[in-house]
Amino acid sequence: MRTFINIVLLTLLLLSCSEGGRDNLLQQPEVNDLTVDTLVYSRSITNELAGSAYREKAIGYSVIAGKDTSDFTCFVYKFKDSVSGNVGMSIRFEKATVSYEQRLQELHLILPKASKDFDFDLLTSINMGRLILSGDLAIELTKLYREQFGNSNVINGKSYKNIEQFLSNSKLALDLNKLFYPFSLEVETISVEKVFFTTKEELYKSSKVEIAFTKAPDRILDCMIGIKLSKL
């Protein structure tokens, strides 16, 4: 009888592991540093953003943990144009006080609330701003880019194409796919503008970096990043 019970228990355990393994690559990020007191604060900013005449509405979302409001704000907006009529998002990393990983955790909390205010079936684009402001991510991507394309700092038309393809298959795309998977959205393409290599001194001055200064490349890949989303 004991042998029979052990076999049953082992079978149940294997079934549980099999089910838990499904979609492991698209599991949500762990929210390790945020407490049960965490709230998502939102406010209408339709008339505060440039180009407000072309927007039906715009809302800014920030995370409040205890008594502290994060410096990171996610902006979501809907265009008035009945033809494009789509929803856009800005996750520009403009403050050097929140790390890349912390921003991912905060977006994990913000997106469910934003999806109630906006139809995410119409969410087609994300403005990320400068890559260098993502801190640790910029370092990781620079190292991988160097491994694939060499140490040249020369940027030309071919470089743009290589960088866009590289980013579309990078950790950045994977992280965004994890975040937007619950909303049946994924990264279709990543586009870049104003590509150049800046100094690591500029990186550490402009963003919150957890990687040691001595472990960062001397020159860091930087560019303006735009993301196009599509339905799964």
Side-chain angles (χ1 to χ4, degrees), residues 27-35 38 40-41 60-65 68-76 89-111 114 125-149 151 153 155 159-160 162-180 187 190-227 229:
Q27 287 179 355
Q28 289 293 294
E30 293 183 4
V31 186
N32 297 321
D33 301 329
L34 302 178
T35 70
T38 300
V40 176
Y41 166 75
Y61 300 88
S62 298
V63 168
I64 301 175
D68 298 322
T69 301
S70 173
D71 285 333
F72 170 61
T73 302
C74 170
F75 301 101
V76 186
M89 179 179 293
S90 175
I91 54 172
R92 296 169 69 94
F93 296 171
E94 295 178 335
K95 295 291 183 68
T97 56
V98 185
S99 70
Y100 172 72
E101 292 299 329
Q102 182 68 21
R103 293 170 205 259
L104 289 182
Q105 293 179 9
E106 293 183 11
L107 282 169
H108 172 60
L109 298 176
I110 288 170
L111 293 183
S125 62
I126 300 176
N127 176 7
M128 182 175 161
R130 291 180 64 185
L131 175 60
I132 193 178
L133 301 182
S134 66
D136 296 288
L137 177 68
I139 293 176
E140 294 178 32
L141 293 181
T142 298
K143 289 180 177 179
L144 291 174
Y145 179 81
R146 293 297 199 190
E147 290 176 7
Q148 291 188 35
F149 300 102
N151 293 319
N153 293 322
I155 298 296
S159 301
Y160 273 70
N162 288 340
I163 292 169
E164 289 179 339
Q165 292 178 343
F166 167 73
L167 291 177
S168 295
N169 294 284
S170 69
K171 171 178 166 56
L172 171 60
L174 179 59
D175 287 340
L176 292 174
N177 283 340
K178 289 179 180 179
L179 282 171
F180 287 97
V187 173
I190 294 180
S191 60
V192 298
E193 296 180 2
K194 302 178 181 178
V195 181
F196 67 105
F197 285 90
T198 189
T199 65
K200 66 177 179 180
E201 287 79 10
E202 179 69 17
L203 169 76
Y204 281 82
K205 181 177 71 174
S206 304
S207 60
K208 181 175 182 179
V209 186
E210 297 180 344
I211 295 174
F213 182 83
T214 55
K215 294 184 178 180
D218 290 333
R219 306 289 291 182
I220 305 294
L221 179 65
D222 194 14
C223 55
M224 299 293 291
I225 294 179
I227 297 119
L229 298 178

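A quick note: this is a predicted structure, and the numbers were derived from the prediction, not measured.
Considering only heavy atoms from C-beta on, Val195 comes within 4.5 Å of Leu221 through its side chain. A 4.5 Å side-chain heavy-atom check between Gln105 and Leu109 finds every atom pair outside the cut-off. Taking 4.5 Å as the limit, every side-chain heavy atom of Ile163 sits out of range of all side-chain heavy atoms of Phe149. Residues Leu229 and Val187 form a side-chain contact, since some pair of their non-hydrogen atoms from C-beta on lies under 4.5 Å apart.
Separation of atoms CE (Met89) and CG (Leu111) is listed at 5.0 Å; rounding is to 0.5 Å. If you take CZ on Arg219 and CG on Asn151, they are separated by 12.5 Å, rounding to the nearest 0.5 Å. Remark: Cys74 SG to Ile91 CD1 distance equals 7.0 Å, nearest 0.5 Å. Note that CG of Asp68 and OG of Ser62 are 12.5 Å apart. Values are rounded to the nearest 0.5 Å. The SG atom of Cys223 lies 9.0 Å from the CD1 atom of Ile155; values are rounded to the nearest 0.5 Å. Atom CG of Leu179 sits about 10.0 Å away from atom CG of Leu174, to the nearest 0.5 Å.
In terms of heavy-atom proximity, Leu203 sits nearest to Ala138 at CD1-CB, 4.2 Å. In this structure, Ser170 and Leu141 approach most closely via the heavy-atom pair CB-CD2, 3.7 Å. In terms of heavy-atom proximity, Glu106 sits nearest to Val98 at OE2-CG1, 4.2 Å. The heavy-atom pair separating Met128 from Leu137 by the smallest distance is CE-CD2, 4.1 Å. In this structure, Tyr204 and Ile211 approach most closely via the heavy-atom pair OH-O, 2.7 Å. Taking all atoms of both residues into account, the shortest heavy-atom contact from Leu133 to Ser206 is CD2-O, 3.5 Å.
Ser99 places no side-chain N or O within 3.5 Å of a backbone atom of Lys208 that could act as its donor or acceptor partner. With Lys200 contributing its side chain and Phe213 its backbone, the two residues share a donor-acceptor pair below 3.5 Å.
Each of Leu144, Leu172, Val192 was evaluated against Phe166; a single residue qualifies, Leu144, per the side chain to side chain contact (heavy atoms under 4.5 Å, CB included) test.
With a 6.0 Å radius and a threshold of 12 heavy atoms from other residues, nucleotides or ligands, Glu193 has its CD atom at or below the threshold. Heavy atoms of other residues, nucleotides or ligands lying less than 6.0 angstrom from NZ of Lys171 number more than 12.
Ring pair Phe197/Tyr145 is tilted by interplanar angle, where 30° to 60° counts as tilted.
Remark: the Asp222 side chain and the Thr198 side chain contain no N/O donor-acceptor pair separated by less than 3.5 Å.
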